[in-house]
Amino acid sequence: MKPRSLTLAPALGCAAALLVLGTPGPAAAHGDTIHFTVGGAQSDGHVRAVAAWDNDDDPVDEPVAGTLTATGRDGRTLGPWQLVAVEGEKAAYTTREALPPGNWKVVVHSGFPDLGHGEGTVDVAARGEGGPAPAVTAPPAARSAPSGETAAPQKAASSPRTGLGIGAGAVAAAVVIAAVGGVLLFRAWRSRSH
């Protein structure tokens, strides 16, 4: 019959491994795909896109790395342009570059914190025309996952699972492993003494 300490060792080792792996990051709770709602162009031609998680429509509350590409009716393509956060607005993104006047099909892709896609049609009025705000239409496919036809941007090197969760898990695992090792060594020493 095996000593009880040897039967507990694998169970404690598994518990330590689970502590090291930590809990899933915030993105895991929402799924693994982002959709963008293309919200129109400002009067200066800057397009807005709002990022939300596909599974629950919650806004993406961490930085998004993505691009925007626009194609005009004449076939002219602009971009890809890097998305930048809109100051003071949650999950809203735009670009530093502005679209010139015209009708544009806008496509947005992200690669971090997860893959994402969105598209819409934007009318940018000629400067000085005034009038109503630009009209925006989002096709039904705007919430679909990215297609295999387009190259997805590379994921950034950082991960939402880094930081305090992994650090605390690693410390806890080290403490558990040290405690188990200490108990096993003590029992082995005690059994030899008797």
Side-chain angles (χ1 to χ4, degrees), residues 1-37 49-68 80-96 107-118 141-194:
M1 186 164 127
K2 287 184 182 179
R4 182 177 170 157
S5 61
L6 292 179
T7 351
L8 285 176
L12 291 174
C14 288
L18 288 174
L19 287 173
V20 169
L21 293 176
T23 58
H30 300 287
D32 60 358
T33 309
I34 297 171
H35 70 268
F36 289 91
T37 303
V50 178
W53 294 104
D54 260 344
N55 288 0
D56 56 13
D57 273 340
D58 283 348
V60 177
D61 56 0
E62 49 195 304
V64 171
T67 59
L68 179 144
W81 294 332
Q82 181 180 358
L83 294 178
V84 293
V86 174
E87 202 169 317
E89 293 188 42
K90 189 174 187 177
Y93 293 87
T94 188
T95 61
R96 288 183 179 89
V107 179
V108 179
H109 290 286
S110 70
F112 181 83
D114 271 307
L115 296 179
H117 176 81
R143 295 189 48 181
S144 65
S147 67
E149 299 170 16
T150 58
Q154 292 181 343
K155 283 200 172 205
S158 64
S159 166
R161 291 179 45 142
T162 59
L164 198 55
I166 293 296
V171 169
V175 168
V176 169
I177 291 169
V180 169
V183 168
L184 293 176
L185 286 173
F186 177 75
R187 286 185 175 185
W189 172 78
R190 197 170 110 202
S191 66
R192 289 184 188 160
S193 301
H194 291 106

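Of all heavy-atom pairs between Asp57 and His35, the closest is OD1-CE1, 2.8 Å. Heavy-atom minimum distance, Pro113 versus Pro63: CD-O, 3.5 Å. The minimum heavy-atom distance between Ala91 and Pro59, with the atom names listed, is CB-CB, 3.8 Å.
The distance from the CG atom of Leu83 to the OG1 atom of Thr94 is 8.0 Å, given to the nearest 0.5 Å. Summarising the geometry, atom CG belonging to Asp114 is positioned 7.0 Å from atom OG1 belonging to Thr33; distances are rounded to the nearest 0.5 Å.
Considering only residues two or more places apart in sequence or on other chains, Ala51 meets the side chain to side chain contact (heavy atoms under 4.5 Å, CB included) condition with Ile34, Phe36, Val60, Val64, Tyr93. Not counting sequence neighbours, the partners of Gln82 by the side chain to side chain contact (heavy atoms under 4.5 Å, CB included) test are Arg96.
Considering only heavy atoms from C-beta on, Val107 comes within 4.5 Å of His117 through its side chain.
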